[in-house]
Amino acid sequence: MPELPEVETVRRQLVPLVVGRRVRAAGGHPSAKFASAQAAVGARIDAVARRGKYLLLALDDDRELVVHLGMTGVLRPRPAGPADPYVRAWWDLGDLVLELRDVRRFGRVAVVRRGDHRALPTLAALGPEPFDPAFTPDGLWRDLRASRLRVKTQLLGQRPVAGLGNIYADEALWRAHVHPAARSISRTRATALHGAVRAVLAAGIANGGTTLRDYRRVDGERGTNQLHLDCYGRAGSSCRRCGTTLVRRVVDGRGTTLCPACQRR
DNA sequence: GGCTGGCCCTGTACGC
DNA sequence: TGCGTACAGGGCCAGC
C-alpha cells in the first residue's frame with residue numbers, strides 16, 4: 001500500500017511528466033471520492049508536492065489537486081491497449097493522459113483552494129513531516145504520552161508524524177524495540193522510535209518504495225524495499241536481531257508483525 | 001474531546 | 001471444480 005516512500009517516489013517521477021502542462025479534459029468515477037477530478041480542467045499544473053501520503057498538485061488558479069492513492073492506487077500515463085475498468089480518474093494533459101487506477105477505490109481525489117484542507121480532515125490535522133526539523137524526539141514523546149491509544153494506532157493516525165502506514169510502522173517499531181500495543185513509552189524509547197521512523201522511511205525512498213502486490217511507480221516498475229524489510233510480513237521467520245520467531249498479532253484491527261523477545265511491553 | 005468500532009471496496013486465499 | 005467466506009487496510013464517521 002502506498003505510504004510516504006511510495007508517494008514520494010511517485011511525486012518525483014510525476015514532476016517531469018506533468019509540471020507546466022494544462023489539464024485539457026478530465027473524468028472520474030461517479031462516486032464522490034473521484035468525481036471532482038473534472039474540476040481541474042483548464043488549470044495548469046505548476047508543481048507537485050507531497051504531504052504525508054497525499055500528493056498536492058498546485059494549479060495556476062490558486063487551487064490544488066489533492067490525490068490520495070489509498071491502498072491500491074497507481075498513477076501512471078495511460079498505457080496503450082483496451083480500456084481499464086479500474087481507472088477511477090484521468091486527466092488529459094495534451095501529449096499524455098495521466099490516470100489513477102485504483103482497484104479497491106480506497107483512494108481519493110479533491111480539488112480545493114490551495115491550503116484549504118477542511119474537506120480532508122486527516123490531511124488538515126497531519127503531524128510533522130518526518131524529515132522536517134519540527135519532528136523531534138521530545139515532540140514525539142510528548143505526543144505519544146498525551147494519548148492512551150496504543151503506540152501503533154497513534155502512528156497510523158498520522159498525528160505524531162505524517163506518512164506512516166502499516167508496513168513502515170511495523171518496521172520502525174521493531175527497529176526501536178517498541179511493542180506496537182504499548183499505551184505508554186519512555187523518553188528513551190521515543191527517541192529511538194524517532195530515529196527509526198526516519199531510517200525506515202529514508203530506506204524506503206532510497207529503494208523506490210515497497211511493492212508487495214499493487215504498488216507500482218509511475219514508470220510501471222516495482223519498488224525494491226520489500227527485499228529489505230526486517231519485520232513486516234515476516235511472521236514465522238527468525239528475528240534478524242535475536243533469532244526469536246516473529247509473530248503476527250492484530251492490534252486495533254490491523255495485522256501486525258513483531259518480535260516477542262525484542263519488543264516487550 | 002477522546003476513543004472505539006464499523007463501513008467502504010474487491011481481488012485473493014483458503015476451506016469445504 | 002466451484003462456491004462461500006475471511007482477509008487485507010487508510011480514512012471517515014457515528015455513537016459512546
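Values below: every heavy atom of this structure, side chains too, minus hydrogens, waters and symmetry copies. Reminder, nothing fancy here: chain letters follow the sequence lines and each chain counts from 1.
- Nucleotide B:dT10 holds its P atom 11 Å from the CZ atom of A:Arg104, rounded to whole Å.
- Residues satisfying the ring-ring contact (aromatic ring centres under 6.0 Å, His included) test with A:Phe106, not counting sequence neighbours, are none.
- Taking atom CZ of residue A:Arg148 and atom P of nucleotide B:dT4, one finds them 10 Å apart after rounding to whole Å.
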message: I'd like to compare against my own output: the B/S/- annotation of nucleotides 11-16 of chain C with a strict under-4.0 Å heavy-atom distance to protein.
response: BS----
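- Residues A:His117 and A:Glu64 bring a donor and an acceptor atom of their side chains to less than 3.5 Å of each other.
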task: Give the C-alpha distance, both sets of side-chain angles, the deciding distance and a yes or no for salt bridge (Lys or Arg N to Asp or Glu O under 4.0 Å) between A:Arg187 and A:Asp138.
output: CA-CA 7 Å; A:Arg187 195 171 196 157; A:Asp138 271 6; 2.7 Å; yes
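- Residues from residues 32-40 of chain A lying near DNA chain C, meaning a heavy-atom separation below 4.0 Å, are absent.
- Among the nucleotides B:dC3, B:dG11, B:dC9, the one closest to any side-chain atom of A:Arg105 is B:dC9.
- To the nearest 0.5 Å, atom NZ of residue A:Lys33 and atom CZ of residue A:Arg105 are 8.5 Å apart.
- The residue A:Thr72 sits apart from the nucleic acid: no heavy atom pair falls under 4.0 Å.
- B:dC8 atom P lies 16 Å from atom CZ of A:Arg88, rounded to whole Å.
- Note on A:Tyr232: only backbone sugar-phosphate atoms sit closer than 4.0 angstrom, heavy atoms only; bases stay farther off.
- Distance, A:Asp143 CG to B:dG2 C1': 15 Å, rounded to whole Å.
- Rounded to whole Å, the distance from CG on A:Leu155 to C1' on C:dG9 is 16 Å.
- Contacts of A:Gly255 with the nucleic acid, taken as non-hydrogen atoms under 4.0 Å apart, involve only primed sugar atoms and P, OP1 or OP2.
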